[in-house]
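Shown next, in structure tokens, is the structure this report addresses.
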Amino acid sequence: MQDSESLLSSLRLNMPLFEEMQSFTGKKYEEMILNQANRPASMSYFDHAVLESERARIGEIIEAREHGAKMIGTFCIYVPDEIVYAASAIPVALCGGTSLSVPYAERKFPRDICPLIKSTLGRAFSRTCPYAPLEDMGVGETTCDAKKKTWDILSQKSRFHILELPQKKNGRDAGLWREEVREFRDAVENLTGNKVTSEKLGDSIRLMNRKRKLLLELNEFRKLPLPPISGRDALVVMQVALNDERERFCNRLEALVNEIHSRAGNEISQFPEGTVRVLVTGCPSVMGNWKLHSIIETSGAAVVCDESCTGTRYFERMVDENAKTAEDMIDAIADRYFKINCSCFTPNNERIEHVVELAKEYKADVVIQYVLHYCHTYAIEAMRITEALKTAGIPSMVIETDYSDEDEGQLRTRIEALLERVKN
Ligand code: SF4
Ligand code: SF4
């Protein structure tokens, strides 16, 4: 097997810039994550996955492709991984969480689109995304406008499939979504030449459910008065979940859950009794983005729940395992994914009610809504969430920000003032 340096150079990346981004991410990770005291020992696997993932994981993907596997790039948790795995392909989440690649997107794209999209595209444009040269097919979904129009561009350059996600939640929409998921299955079969059989689908449904159950189990511990894992570490686990090899990830996560169980029994926590409990809701914080969680927790609070695509939306609800035929399994998969509450739906009462329910379940003292600049759907929905929380007697705040460090001081001041108010 090739060493990691020659693997990377075979991808024709802009190596100096790639190295700069790696070292920038490494420094941020040290500052925001590794510096925490009293972390669970089992987090070392996830640390390694963050700091070394782009080298080790790429080597694995190159090798798998040499044996005929296809890599499918994704940008959203509506893409059903079960189908990708059932065709022996590898799904990789390509969303960018670094500020360093944003300027490369701004040279070609309008500046007023969200940093998540700019970071993702910037990595592709600057040849620093090591997964891009390995991608056999990309999958986009019709969620927000910025994404939809991005697919117009990406689909001209490489093989690309667009999943049409309806924007309402009634029966006709659910039916359209089932058809879309079938069409996606056909596209994946076409790409890989592998039939998505009931046997393979059944296996991948069980494996994805195992992953979700373990993530759910881990998050249950965050409901305790003394959470045995920090919000920052729980976020790192979620970020790794999106790209790591699924069986290895589940085994490592199981070891972490066991450790967390014993920490809970011994009341080991990184937070003193009476720490203010925060629920974060809104846009996802993808790999490389630990900004908000770090500010909250270094301001003396604990993030106890994430209602986001790097949180509950990813692992809530299992795919029904009772279906027997491949067609029924596809319906069961489609139905599970259709219940994800992204703000692109209208109306979206389910998310609003769910944020209040989660705040109560996780005993959050306060809710912070995380809105990335120019993310109109989460920004507008924030108004109804603020109202619903107010009615439930739960204080909240909306934070609009991007990936840069520029507003860190200002955000810290606002968050500290909020925490003070909650304490008194
Ligand atoms: S926020 Fe919506 S569009 Fe973004 S990843 Fe989540 S489900 Fe997809
Ligand atoms: S954060 Fe908002 S604007 Fe950005 S990709 Fe997700 S839904 Fe779209």
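Since this is a predicted model, take the numbers as computed values, not measurements. In listed order, ligands and their atoms are each counted from 1.
- Among protein heavy atoms, atom 1 (S) of ligand 1 sits closest to Tyr378 OH, 3.3 Å.
- Atom 8 (Fe) of ligand 2 has its nearest heavy-atom neighbour, among Pro284, Cys144, Cys309, Pro115, in Cys144.
- Each of the atoms 3 (S) of ligand 1 lies under 4.0 Å from some heavy atom of Thr143.
- Between Phe338 and Phe345, the gap from one ring centroid to the other is short of 6.0 Å.
- Asp306 and His293 form a side-chain donor-acceptor contact under 3.5 Å, judged by distance and modelled atom types alone.
- A salt bridge links Arg182 to Glu327: one of the charged nitrogens lies within less than 4.0 Å of a carboxylate oxygen.
- The nearest heavy-atom contact from the protein to atom 2 (Fe) of ligand 2 is Cys375 SG, 2.3 Å.
- Counting protein heavy atoms only, atom 4 (Fe) of ligand 2 is closest to Cys114 SG, 2.3 Å.
- Under a 4.0 Å criterion applied to the non-hydrogen atoms of Cys76, ligand 1 contributes the atoms 3 (S), 5 (S), 7 (S), 8 (Fe).
- Here Asp405 pairs with Lys28 in a salt bridge; the nearest charged N to carboxylate O distance falls below 4.0 Å.
- The cationic group of Lys147 does not satisfy the cation-pi geometry with Phe75, failing either the under 6.0 Å distance to the six-membered ring centre or the 45° limit from the ring axis.
- A side-chain donor-acceptor contact under 3.5 Å links Asp402 and Ser404.
- At a heavy-atom distance under 4.0 Å, only side-chain atoms of Ile117, from C-beta outward, approach ligand 2.
- Residues Lys211 and Tyr314 have side chains that bring a donor and an acceptor to within less than 3.5 angstrom of each other.
- Among protein heavy atoms, atom 7 (S) of ligand 1 sits closest to Tyr78 CE1, 3.4 Å.
- Among His373, Lys147, Lys118, the residue whose heavy atom lies nearest to atom 5 (S) of ligand 2 is Lys147.
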